[in-house]
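Everything below concerns the one structure shown next.
Every chain is numbered from 1 and lettered A, B, ... according to where its sequence line falls, protein lines coming before strand lines. Quick caveat: nothing in here was measured; it's all calculated off a predicted structure.
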Protein chains: 2
Amino acid sequence: MKEKVKVRDRILNVATDLFYHQGFNQTGINQIIAEADIAIGSLYNHFPSKNDLLLAYLRKQEEEWFDGLEKFTQGISQPRERILKFIDYRIAQQQPDFYGCPFIKIIAEIGTQDQQVQQLVEGHKNRQRMLLQGLFQQLDYDGPVDKKLLADNFFLMVEGATVNATISRNIKALEGVKKFIKKMMA
Amino acid sequence: MKEKVKVRDRILNVATDLFYHQGFNQTGINQIIAEADIAIGSLYNHFPSKNDLLLAYLRKQEEEWFDGLEKFTQGISQPRERILKFIDYRIAQQQPDFYGCPFIKIIAEIGTQDQQVQQLVEGHKNRQRMLLQGLFQQLDYDGPVDKKLLADNFFLMVEGATVNATISRNIKALEGVKKFIKKMMA
DNA sequence: GTCTATAGAGGGATAGAC
DNA sequence: GTCTATCCCTCTATAGAC
């Protein structure tokens, strides 16, 4: 009853780990099949090309990202607290290993040529932005900038801080964003 | 008297163009020597390895980045105007072709393993951040957050907006940052 | 200092046996 | 559906002639 993990999932799990930590271009088919302990024929049976494997990887990341956020923020109803928890979630994501946002990484690696990849990444980021716009709309706030502009720029700060964490390998910038938005919402 | 451009510069110019537009890993030595119209022996005479070529590329980008900013903002003395011009500079950089920040791209591609690369990139970003901190310190501003925190988060917004421009292939986010900081400084 | 030729490894993908 | 064997291409880097 061991080895219950199906071949397809083993491939995708190994590919996910390698694409994220080594990069897509630096990960070869041969390494994937070696670490997943399967034959090359099996890989191409499940995924017609390396690009299909990339798309499956991105879809999996997308799903896990929002599932993770939901679990992380469940039980919290106040918009102000949910906004702060949003940063905490991104801080928590960076904790075990600092390799940055997988969506930003893949665009940096392969560009925006591939339309399916481009749309997956753009869609993921827009979904985050919309979620934040919704939270800020519910907020009881009356500051110098309107709520939508604040929401959009808060999103950009978090994006910038995530990139910064990847480069500098610390979460100081993310903590700074939290401090900033706390004062703005006070 | 034609062909005054030295071999070393021809190599570096071609490599710069290809590394930036195609990516480092996706650019082969063979393509570089073909487009620079030189022999492979000449390349390795000037650059001991592809990695040395990468370091030369990054140092060139660093130099040109700050030279470009200086030219772009010369004659402007008011800190408020210089801050706004900082965004305009980054908007202008994105105008001819949308390929994002070369420093962020290279970290996304090769990670932070290589210490020389990591330090070049981190140094470049810190230099930008320090420059902005200086400008905000000179500012006559009395808002809800202190100047240093505002400067750091302004930098993060611009970083986030640059990444966003790379993904979405438009400069809307950068325009949004400008609007935001204008209201904050008003 | 620039050239040609080539080494030696690894890339993605396919064919056909079982 | 999983396996092995293999094709053809490209990669970075080196050797040695000129």
Side-chain angles (χ1 to χ4, degrees), chain A residues 1-59 105-106 108-111 113-117, chain B residues 1-59 105-106 108-111 113-117:
Chain A
M1 275 295 181
K2 289 180 185 178
E3 286 289 3
K4 285 284 284 186
V5 184
K6 297 239 171 85
V7 172
R8 205 198 113 99
D9 291 332
R10 266 221 314 283
I11 297 168
L12 192 48
N13 288 339
V14 168
T16 295
D17 183 51
L18 294 174
F19 287 171
Y20 182 62
H21 292 101
Q22 293 188 349
F24 175 70
N25 285 319
Q26 280 173 307
T27 300
I29 294 291
N30 294 327
Q31 190 184 6
I32 294 171
I33 61 170
E35 296 200 12
D37 199 31
I38 51 131
I40 189 166
S42 300
L43 189 151
Y44 280 97
N45 183 48
H46 289 286
F47 301 95
S49 74
K50 194 189 176 189
N51 205 57
D52 289 282
L53 192 47
L54 172 62
L55 292 171
Y57 157 70
L58 290 175
R59 291 196 186 100
K105 276 165 71 84
I106 203 68
E109 267 199 272
I110 68 165
Q113 243 78 322
D114 187 311
Q115 288 200 13
Q116 290 185 281
V117 171
Chain B
M1 275 295 182
K2 287 180 188 177
E3 286 289 5
K4 283 285 286 187
V5 183
K6 296 237 172 87
V7 172
R8 205 197 115 100
D9 292 332
R10 269 222 309 284
I11 297 168
L12 191 48
N13 288 340
V14 168
T16 295
D17 182 51
L18 294 174
F19 287 170
Y20 182 62
H21 292 101
Q22 294 188 348
F24 175 70
N25 286 318
Q26 281 173 305
T27 300
I29 294 291
N30 294 327
Q31 190 183 7
I32 294 171
I33 61 170
E35 296 201 13
D37 199 33
I38 51 132
I40 189 166
S42 299
L43 189 151
Y44 280 97
N45 183 48
H46 290 284
F47 301 96
S49 74
K50 194 189 177 188
N51 205 57
D52 288 282
L53 192 46
L54 172 61
L55 292 171
Y57 157 71
L58 290 175
R59 291 197 186 98
K105 278 165 72 81
I106 204 69
E109 267 200 273
I110 67 165
Q113 243 79 322
D114 187 311
Q115 288 200 13
Q116 290 184 282
V117 171

Is there a donor-acceptor pair closer than 3.5 Å between any side-chain N or O of A:Glu109 and the backbone N or O of A:Phe24? yes

Within the side chain of A:Thr16, is there an N or O that forms a donor-acceptor pair under 3.5 Å with the backbone of A:Leu12? yes

Ignoring the backbone of [X], work out which of [options] is nearest its side chain.
X	options	value
B:Asn45	C:dT14, D:dT14, C:dG1	C:dG1
B:Ile38	D:dC3, C:dC3, D:dA13	C:dC3
B:Tyr44	C:dT4, D:dT2, D:dA13	D:dA13
A:Ser49	D:dA13, C:dC3, C:dA13	C:dA13

Are OP1 or OP2 of C:dG12 and a side-chain N or O of A:Asn30 less than 4.0 angstrom apart? no

Using atom [atom1] of [X] as one end and atom [atom2] of [N] as the other, report the distance to the nearest whole Å.
X	N	atom1	atom2	answer
B:Phe24	D:dT12	CZ	P	8 Å
A:Leu54	C:dG12	CG	P	12 Å
A:Ile33	D:dA5	CD1	C1'	12 Å
A:Phe47	C:dT14	CZ	C1'	18 Å
A:Gln26	C:dG12	CD	P	12 Å
A:Asn25	C:dG11	CG	P	12 Å
A:His46	C:dA13	NE2	P	17 Å
B:Leu53	D:dA13	CG	C1'	14 Å

With heavy atoms under 4.0 Å as the rule, sort B:Ile40 into base, sugar-phosphate or nothing. base

At 4.0 Å (heavy atoms only), tell me whether B:Gly41 reaches a base, stays on the sugar-phosphate, or touches nothing. base

To the nearest 0.5 Å, what is the distance between CD (B:Glu35) and CG (B:Asn13)? 12.0 Å

Scanning both residues in full, the closest heavy-atom pair of A:Gln22 with A:Thr27 reads OE1-OG1, 3.2 Å

Non-hydrogen atoms of A:Arg10 and A:Asp37 that approach each other most closely: NH2-O, 3.6 Å

